[in-house]
Amino acid sequence: MDVFIPESAPFTAEQRAWLNGFVAGMLGMERALASAPASSPASIAAVTGTAEEELPWHDPTLALDERMKLAVGRAYPLRLMAAMGQLDCGQCGYECRSYAGAIADGSEADLGKCVPGGRETTKKVKEIVALARVTDAPGASVATPAPARGPVERGYGRDAPVGARLLSSSALSAAEADKETRHVVIDVSESGLRYDPGDSLGIWPQNNPDEVELLIAILRARGSEAVTLADGAVITARDALTRECDLRVPSESLYALLAREAKDEADRTRLDRLARDDGQAEALGVHDVLDTLLEFSSARPKIGEFVSALGRMQPRMYSLASSLRKHPGEAHLTVSVLRYERNDRTYQGAGSSFLGEHLRPGRHLSVFVQRSHGFRLPADPEANVIMVGPGTGIAPFRAFLEEREATASRGRNWLFFGNQRREVDFLYRDELEELATRRVLTRMDLAFSREQTSKVYVQHKMLEAAQELWRWLSNGAYLYVCGDAKRMAGDVDVALKQVAATEGGMDAAGAKRYFADLAKAGRYQRDVY
Ligand SMILES: Cc1cc2nc3c(=O)[nH]c(=O)nc-3n(C[C@H](O)[C@H](O)[C@H](O)COP(=O)(O)OP(=O)(O)OC[C@H]3O[C@@H](n4cnc5c(N)ncnc54)[C@H](O)[C@@H]3O)c2cc1C
Ligand SMILES: NC(=O)c1ccc[n+]([C@@H]2O[C@H](COP(=O)([O-])OP(=O)(O)OC[C@H]3O[C@@H](n4cnc5c(N)ncnc54)[C@H](OP(=O)(O)O)[C@@H]3O)[C@@H](O)[C@H]2O)c1
């Protein structure tokens, strides 16, 4: 346990626990700052000159349109910030505000680094930048340029990954489940990488090797051709397509290159249009890079030019699902393998299919630890915790429970977990039931959404247990939510406010204030994506 406030200090046990948590949080923040200076709240404030409370769009449950509405009339960097995914996940090497600030002051040229925001964020960012070039010069509304980013400690940021080795990737869901979820174990012992429960592991994916070979074949290349990357490095085309290029979202440069190369007039016209505005791409059946070559068969550029025109690969983040105390030298992940059908093709997510399917045990990958910006167990081992984590949201809570057991923490642990069906995707069922038997898990409420005609979700279970939930919160419990940002996290938040209304007698404004205060005190923490 981290204890910063001595027993002799003039505080009650509860005040001491709160202060210990506060200081631990500050120290955690300092460690994060050391590894990513440009993402510090201080530097962000310098860039945007705006306090956190004045950023109403900084909520990952809001859709892009809603966020942009809230940022109307705000300064250029703040409009850019509203376009970001709002996760502060560090995947881009910044937080949302500092990435926006760096684009605004011109120190960051890559507008496509926000993976959680996806293509709609990239598109909106480009739109805002283009508009600003016409209306106000970039940087004009920025108080101070974003500070130069200092060196990142090896292993603790996207630009300083370390080598690790896949030990195993095993199915957590049954073959009959609608979604495949895997337990991935990575050996990080050689790098000496350290992490705490609540941190995430960043991985640099490699593209599906079959897709890479298909692209090489379509371009009638060998794959061994030397290509030069933006940083001047010279590698083979096959390696570049495997590790360096984004094969998911076709870039404007790719459309422009194909338009120049197209022999067919109709192809050229359509590609010219896509290069200016790719809004029609989906309607044309163009969802990824391979689709562009399949759709525009008269355009066959040289492989070196093709590689240069593609977007850059971005890392993917996964919540760490293990405690180093229980699994020294290992990093465990809970990965939902993204697969979906479109245009008579099956598409795979780059990161999740790399970990779940393409990377063989024993092979190496590049990883880094992304320190959490505040998703942490209470410093006080006596404090009770309530964890809400449906689907892959269970990942950090497996780590929390392992840590609480390994440190013999006496606080009680209550888990709300949900998934589609008990028999096929009750993730970590044996482990959780075992923890419940040993009373490490004090209480487990389960919501299987597809076992009855109407949906049953974790928030329904929370409402059923409202009285007890309110008792725990009133007695100082810490509340954690992890998993889907767009649907689950918002609905759980609504349910919590309902609990405050029915059990705490609060009106809507009071309930809102209650959970805002709880969040400020570090007792309502979310890690959603
Ligand atoms: C802090 C953090 C922690 C995370 N923890 C976890 C975790 O513990 N476990 C986990 O599994 N994930 C986790 N994620 C999510 C993870 O990082 C990846 O986003 C996820 O695995 C998908 O990435 P991918 O590379 O497989 O897919 P990508 O190649 O990035 O593809 C995703 C894109 O595919 C498109 N797409 C997806 N579905 C469809 C569809 N049905 N139709 C059309 N297009 C579609 C969308 O454009 C979407 O943006 C976390 C994310 C963050 C930020
Ligand atoms: N934003 C999206 O549209 C979307 C959709 C799917 C997955 N995802 C992402 O896919 C990844 C993996 O998903 P996952 O395996 O963790 O599982 P998940 O898709 O989040 O599902 C886990 C459980 O949560 C239920 N659920 C669905 N909507 C909910 C809501 N509003 N409130 C509470 N529970 C809800 C699901 O039920 P049902 O499936 O039966 O409804 C399922 O039982 C995550 O990155 C997630 O963010 C995103």
Side-chain angles (χ1 to χ4, degrees), residues 60-61 63 85-92 114-122 172-173 177-184 198-203 205 207-208 246-249 282 287-288 313-321 332-343 346-357 370 372-373 375 388-399 416-422 425-427 446-452 454-462 481-495 526-529:
T61 63
Q86 310 305 317
L87 298 185
D88 284 339
C89 61
Q91 209 154 4
C92 58
C114 181
V115 176
R119 57 180 94 195
E120 63 168 7
T121 286
T122 306
L172 281 173
S173 49
D178 288 351
K179 311 174 288 184
E180 182 182 353
T181 310
R182 301 189 76 82
H183 182 64
V184 172
D199 289 339
S200 304
L201 192 74
I203 64 128
N207 287 313
N208 179 349
D246 175 17
L247 301 185
R248 201 169 51 95
V249 185
E282 293 286 345
H287 187 59
D288 72 357
M313 178 68 94
Q314 302 296 337
R316 305 291 193 273
M317 315 295 288
Y318 295 91
S319 307
L320 280 149
H332 295 198
L333 312 176
T334 312
V335 178
S336 171
V337 184
L338 177 64
R339 288 194 190 96
Y340 55 93
E341 308 282 331
R342 248 182 189 206
N343 320 323
T346 300
Y347 295 87
Q348 292 187 324
S352 58
S353 69
F354 172 59
L355 290 173
E357 183 178 329
Q370 182 65 46
S372 164
H373 49 84
F375 197 77
V388 183
T392 52
I394 186 70
F397 302 137
R398 180 177 183 265
F416 288 90
F417 172 73
N419 226 340
Q420 295 180 354
R421 292 179 194 87
R422 182 187 296 264
D425 55 15
F426 184 171
L427 311 178
L446 300 166
F448 292 102
S449 54
R450 302 195 185 183
E451 288 191 335
Q452 55 285 305
S454 56
K455 295 278 187 186
V456 174
Y457 289 152
V458 280
Q459 61 271 26
H460 300 128
K461 294 289 164 187
M462 294 166 72
V481 180
C482 180
D484 176 64
K486 286 282 174 272
R487 302 159 305 152
M488 182 276 294
D491 291 351
V492 163
D493 192 67
V494 169
R526 299 200 293 188
D527 182 20
V528 294
Y529 43 86

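Ligands are counted one by one from 1 in listed order, and the atoms in each one are counted from 1 as well. Quantities reported herein were computed from a predicted structural model and do not represent experimental measurements.
Taking the six-membered ring where tryptophan is involved, the planes of Y340 and H287 are perpendicular, since the angle between them exceeds 60° and thus also 30°.
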- [ ] Evaluate salt bridge (Lys or Arg N to Asp or Glu O under 4.0 Å) for E282 paired with R342, printing each intermediate quantity in order.
- [x] CA-CA 10 Å; E282 293 286 345; R342 248 182 189 206; 2.7 Å; yes
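Using a 4.0 Å heavy-atom cutoff, D491 is listed among the residues neighbouring ligand 2.
Between atom 2 (C) of ligand 2 and the options R421, R487, K455, the minimum heavy-atom separation is to R487. Among H460, M462, Q459, E180, the residue whose heavy atom lies closest to atom 32 (N) of ligand 2 is Q459. Heavy-atom proximity to atom 28 (N) of ligand 2, evaluated over Y457, F417, F416, is greatest for Y457.
Ligand 2 has an N or O atom lying under 3.5 Å from an N or O atom of K179, backbone or side chain. Where the criterion is an N or O separation shorter than 3.5 Å, residue side chain and backbone included, R450 meets it with respect to ligand 2.
Separating the CG atom in D493 from the CG atom in D491 is a distance of 9.5 Å, to the nearest 0.5 Å. If you take CG on L446 and NZ on K461, they are separated by 8.0 Å, rounding to the nearest 0.5 Å. To the nearest 0.5 Å, atoms CG (N419) and CG (L427) are separated by 5.0 Å. In this structure, CD in Q370 is found 7.0 Å from SG in C89, a value given to the nearest 0.5 Å. Atom NZ of K179 is separated from atom CG of L338 by 11.0 Å, given to the nearest 0.5 angstrom.
Of the N and O atoms on the side chains of Y529 and T392, at least one donor lies less than 3.5 Å from an acceptor on the other residue. No hydrogens or angles considered: a donor-acceptor pair under 3.5 Å links the side chains of E341 and T346.
Interface atoms of ligand 2 facing S336, defined by a heavy-atom separation under 4.0 Å, are 12 (C), 15 (O). Atoms of ligand 2 found under 4.0 Å from any heavy atom of G391 (numbered from 1 in listed order, with element): 16 (O), 17 (O), 22 (C).
Counting only heavy atoms of the protein, atom 37 (O) of ligand 2 lies nearest to S449 OG, 3.0 Å. At the shortest separation from atom 24 (O) of ligand 2 among protein heavy atoms lies P390 CB, 3.9 Å. When only non-hydrogen protein atoms are considered, atom 22 (C) of ligand 2 lies nearest to N419 OD1, 3.5 Å. Of all protein heavy atoms, the one closest to atom 8 (N) of ligand 2 is D484 OD1, 3.9 Å. Looking at atom 44 (C) of ligand 2, its nearest protein heavy atom turns out to be Y529 CE1, 3.6 Å.
Side-chain atoms of D527 never come within 3.5 Å of backbone atoms of F375 as a donor-acceptor pair (strictly under, hydrogens ignored). One N or O on the side chain of Q452 and one on the backbone of S449 form a donor-acceptor pair closer than 3.5 Å. Formation of a donor-acceptor pair under 3.5 Å by the H373 side chain with backbone atoms of D88 is found in this model.
Side-chain contact between V335 and E180 is absent, with no heavy atoms from C-beta onward closer than 4.5 Å.
Ring pair F426/F448: centre-to-centre distance below 6.0 Å.
Within a 4.0 Å radius of atom 10 (O) of ligand 2, the protein contributes no heavy atom.
Residue K486 touches ligand 2 through its side chain alone, judged by heavy-atom distances below 4.0 Å. In F448, neither the side chain nor the backbone holds a heavy atom less than 4.0 Å from any atom of ligand 2.
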Provide, line by line, the atom pairs where ligand 1 and the protein bring an N/O atom each to a distance under 3.5 Å; else say none.
residue: ligand 1; atom: 5 (N); partner: S319; partner atom: N; Å: 3.1
residue: ligand 1; atom: 5 (N); partner: S319; partner atom: OG; Å: 3.3
residue: ligand 1; atom: 8 (O); partner: S319; partner atom: N; Å: 3.3
residue: ligand 1; atom: 9 (N); partner: T334; partner atom: O; Å: 2.7
residue: ligand 1; atom: 11 (O); partner: S336; partner atom: N; Å: 2.9
residue: ligand 1; atom: 14 (N); partner: M317; partner atom: O; Å: 3.3
residue: ligand 1; atom: 17 (O); partner: M317; partner atom: N; Å: 3.4
residue: ligand 1; atom: 17 (O); partner: M317; partner atom: O; Å: 2.6
residue: ligand 1; atom: 21 (O); partner: Y318; partner atom: OH; Å: 2.8
residue: ligand 1; atom: 25 (O); partner: R316; partner atom: NE; Å: 2.6
residue: ligand 1; atom: 25 (O); partner: A350; partner atom: N; Å: 3.3
residue: ligand 1; atom: 25 (O); partner: G351; partner atom: N; Å: 2.6
residue: ligand 1; atom: 26 (O); partner: S352; partner atom: N; Å: 2.9
residue: ligand 1; atom: 26 (O); partner: S352; partner atom: OG; Å: 2.5
residue: ligand 1; atom: 29 (O); partner: R316; partner atom: NH2; Å: 3.3
residue: ligand 1; atom: 29 (O); partner: A350; partner atom: N; Å: 2.8
residue: ligand 1; atom: 30 (O); partner: R316; partner atom: NE; Å: 3.2
residue: ligand 1; atom: 30 (O); partner: R316; partner atom: NH2; Å: 3.2
residue: ligand 1; atom: 34 (O); partner: Y340; partner atom: OH; Å: 3.4
residue: ligand 1; atom: 36 (N); partner: Y340; partner atom: OH; Å: 3.4
residue: ligand 1; atom: 44 (N); partner: Y340; partner atom: OH; Å: 3.3

